[in-house]
Amino acid sequence: MRVADSQDSKAFDSRLAVIDSHVHLDFDEFDAEREQLVLRLRAAGLRDAVIPGVRASQWPKLQAIAARHGLHYGLGIHPWYCTEDWQQDIENLSKLLEERGDDPKLVAIGECGLDALHKASWEAQLPCFEAQLQLAQQHELPVILHSVKAHNEVLALLKRYPLARGGVIHGFYGSMQLAQRYVDAGCYLGIGHLLLEEKAKKLQETLVKLPLEHLVIETDLALVYQLKKSQFADKTGGSGLILHLLIEKIANLQKKSNVLVSEQVFRNTLQLFDL
């Protein structure tokens, strides 16, 4: 594989193999076009993807979609869906993990974590997240973490429940100091569309300093669609696969080649999820 020169770098980048570490392909907004979308993503270089679970009612659909398209998945309860019935959801999750424990496509617990902005579910979030960390320990799986205005609480629980397989802090947007705390807790940093925003100066400054060995990349495609990021669609041939844009941005920040960045984050994702 050769490094492309400036004249053909755009075409070259579109052929780089990529793994999406966080894509909600099971969400209802994709029902009408999921088959075509997956074909476009594959054509754009998508080699594999991890579909996180967010609520119990969605798990069967998620598993069916992952199986149909040969993708990997996680099972979990997102903090927004931690309700007063969280204990029943955890019991169902525990049973499902026992039943599906030999499924090579099941690679993580999550999406789980804490979201202090979602006050309606806050009281249930803490015990629900704690129970999922215990399941991750029991089944030796990494976690896909959601943390909004709750980093101290999340990191405290990660310290209380150290995970052999670690995890990934999805949609990371923070300082170098915060990044290092998650790295010290055994986590990769999931870098997504926020890096492509002009106002994301703090994140860009962090990525100048952060070693590539700690990064994975993600589309969080449902969110990108909901936010109607037309500029991303224009730059990705309408696929929404922003991973090549992320690779290019990280490469520019770290003054490295696109190939080097893509290969490292590809290896990181394989290692994180044991793909």
> How long is the gap from CD on Glu198 to NZ on Lys201, to the nearest 0.5 Å?
Replying inline: 5.5 Å
> Where is the tightest heavy-atom contact between Leu189 and Ala179, given as atom of each residue plus distance?
Replying inline: CD1-CB, 3.5 Å
> Quick one: does Phe273's side chain get under 4.5 Å of Ile144's, heavy atoms only?
Replying inline: yes
>> Let me confirm one number: the NZ-CG distance from Lys249 to Leu203, rounded to the nearest 0.5 Å.
In response: 10.0 Å
> Testing His146, Gln125, His78 for side chain to side chain donor-acceptor pair (under 3.5 Å) with Asp115, which one passes?
Replying inline: His146
> Given side chains that start at C-beta, do those of Pro104 and His72 come closer than 4.5 Å, heavy atoms only?
Replying inline: no
>> How close do Ala124 and Trp86 get, counting heavy atoms only, and between which atoms?
In response: CB-CD1, 3.8 Å
>> Taking the side chain as everything from C-beta on, heavy atoms only, tell me whether Tyr173 gets closer than 4.5 Å to Glu197.
In response: no
>> Do the side chains of Lys256 and Glu263 get close enough for a salt bridge, i.e. N-O under 4.0 angstrom?
In response: no
> Quick check, are the ring centers of Tyr182 and His151 under 6.0 angstrom apart?
Replying inline: yes
> Hey, does the side chain of Ser121 reach the backbone of Tyr81 with a donor-acceptor pair shorter than 3.5 angstrom?
Replying inline: no
> Would you say the side chain of Asp31 lies within less than 4.5 Å of the side chain of Lys61, judging by non-hydrogen atoms?
Replying inline: yes
>> Quick check for you: to the nearest 0.5 Å, what is the distance between Asp220 atom CG and Ile242 atom CD1?
In response: 8.5 Å
> Picking from Val168, Leu215, Val18, Val216, what satisfies side-chain contact (heavy atoms from CB on, under 4.5 Å) with Thr269?
Replying inline: Val216
>> Tell me whether the count of non-hydrogen atoms from other residues, nucleotides or ligands lying under 6.0 Å of CD in Glu123 goes above 12.
In response: no
>> Between the side chains of Glu91 and Lys95, is the shortest nitrogen-to-carboxylate-oxygen separation below 4.0 Å, so that they form an ion pair?
In response: yes
> Do His193 and Glu218 touch side chain to side chain, with heavy atoms closer than 4.5 Å?
Replying inline: no
> Passes side-chain contact (heavy atoms from CB on, under 4.5 Å), Leu196 versus Leu246? Steps please.
Replying inline: CA-CA 7 Å; Leu196 303 177; Leu246 293 170; 3.9 Å; yes
>> Please give me the minimum heavy-atom distance between Cys82 and Cys128, naming the atom from each residue.
In response: SG-SG, 3.2 Å
> Okay, side chain of Glu248, backbone of His244: is any donor-acceptor separation there less than 3.5 Å?
Replying inline: no
> Phe27 vs His24 aromatic rings, parallel, tilted or perpendicular, using cut-offs 30° and 60°?
Replying inline: parallel
>> Please give me the minimum heavy-atom distance between Val23 and Ala49, naming the atom from each residue.
In response: CG1-CB, 3.6 Å
> Given the rule in the side chain to side chain donor-acceptor pair (under 3.5 Å) test, do Asp184 and Gln180 qualify, once you have shown the distances and angles that lead to the verdict?
Replying inline: CA-CA 6 Å; Asp184 291 344; Gln180 190 61 55; 2.9 Å; yes
> More than 12 foreign heavy atoms under 6.0 Å from CH2 of Trp80: is that the case here?
Replying inline: no
>> In this structure, would Ile191 and Val148 fall into the same cluster of hydrophobic residues linked by side-chain contacts under 4.5 Å?
In response: no
> Does the side chain of Gln58 reach to within under 4.5 Å of the side chain of Asp26, using non-hydrogen atoms?
Replying inline: yes
>> Within the 4.5 Å heavy-atom criterion, are Gln132 and Ile90 side-chain neighbours or not?
In response: yes
> When hydrophobic residues are tied together by side-chain contacts of less than 4.5 Å, even through go-betweens, does Val107 share a cluster with Leu71?
Replying inline: no
> What are the two closest heavy atoms between Ala150 and Trp122, and how far apart are they?
Replying inline: CB-CH2, 4.2 Å
> How long is the span from the CG atom in Asn92 to the CG atom in Leu75, to the nearest 0.5 Å?
Replying inline: 11.5 Å
> Any sub-3.5 Å donor-acceptor pair from Ser21's side-chain atoms to Ile217's backbone N or O?
Replying inline: yes
>> Set out, in order, the CA-CA distance, both residues' side-chain angles and the distance that settles side-chain contact (heavy atoms from CB on, under 4.5 Å) for Phe172 and Leu195, then state yes or no.
In response: CA-CA 9 Å; Phe172 180 78; Leu195 180 63; over 6 Å; no
> Which atoms form the tightest heavy-atom contact between Ala136 and Leu163, and what is the distance?
Replying inline: CB-CD2, 3.9 Å
> Between Gln271 and Glu213, is a side chain to side chain donor-acceptor pair (under 3.5 Å) present by the stated rule, with each step listed?
Replying inline: CA-CA 11 Å; Gln271 182 174 353; Glu213 289 76 14; over 6 Å; no
>> Applying a strict under-4.5 Å side-chain criterion to I, L, V, M, F, W and Y, I'd like to know whether Leu96 and Val143 cluster together.
In response: yes
> Is there a path from Val183 to Val261 through hydrophobic residues (I, L, V, M, F, W, Y) whose side chains come within less than 4.5 Å of each other?
Replying inline: no
> What distance separates Leu212 CG from Gln254 CD, expressed to the nearest 0.5 Å?
Replying inline: 4.0 Å
> Given side chains that start at C-beta, do those of Asp20 and Leu41 come closer than 4.5 Å, heavy atoms only?
Replying inline: no
>> Assess the residue pair Glu33 and Arg40 against the criterion (side-chain contact (heavy atoms from CB on, under 4.5 Å)); give the C-alpha distance rounded to whole Å, side-chain angles, the decisive distance to 0.1 Å, and a yes or no.
In response: CA-CA 11 Å; Glu33 62 164 341; Arg40 293 200 303 270; 3.4 Å; yes
> In Å, rounded to the nearest 0.5 Å, how long is the span from CD of Glu98 to CG of Leu93?
Replying inline: 10.5 Å
> Is the number of heavy atoms from other residues, nucleotides or ligands within 6.0 Å of CZ (Arg47) greater than 12?
Replying inline: no
> Given the rule in the side-chain contact (heavy atoms from CB on, under 4.5 Å) test, do Leu37 and Phe30 qualify, once you have shown the distances and angles that lead to the verdict?
Replying inline: CA-CA 8 Å; Leu37 175 60; Phe30 297 125; 3.7 Å; yes
> Any chance CZ of Arg42 has more than 12 other-residue heavy atoms, nucleotides or ligands included, within less than 6.0 Å?
Replying inline: yes
> Hey, any chance Ile247 and Leu272 share a hydrophobic cluster, counting ILVMFWY side chains that come within less than 4.5 Å of each other, even indirectly?
Replying inline: no
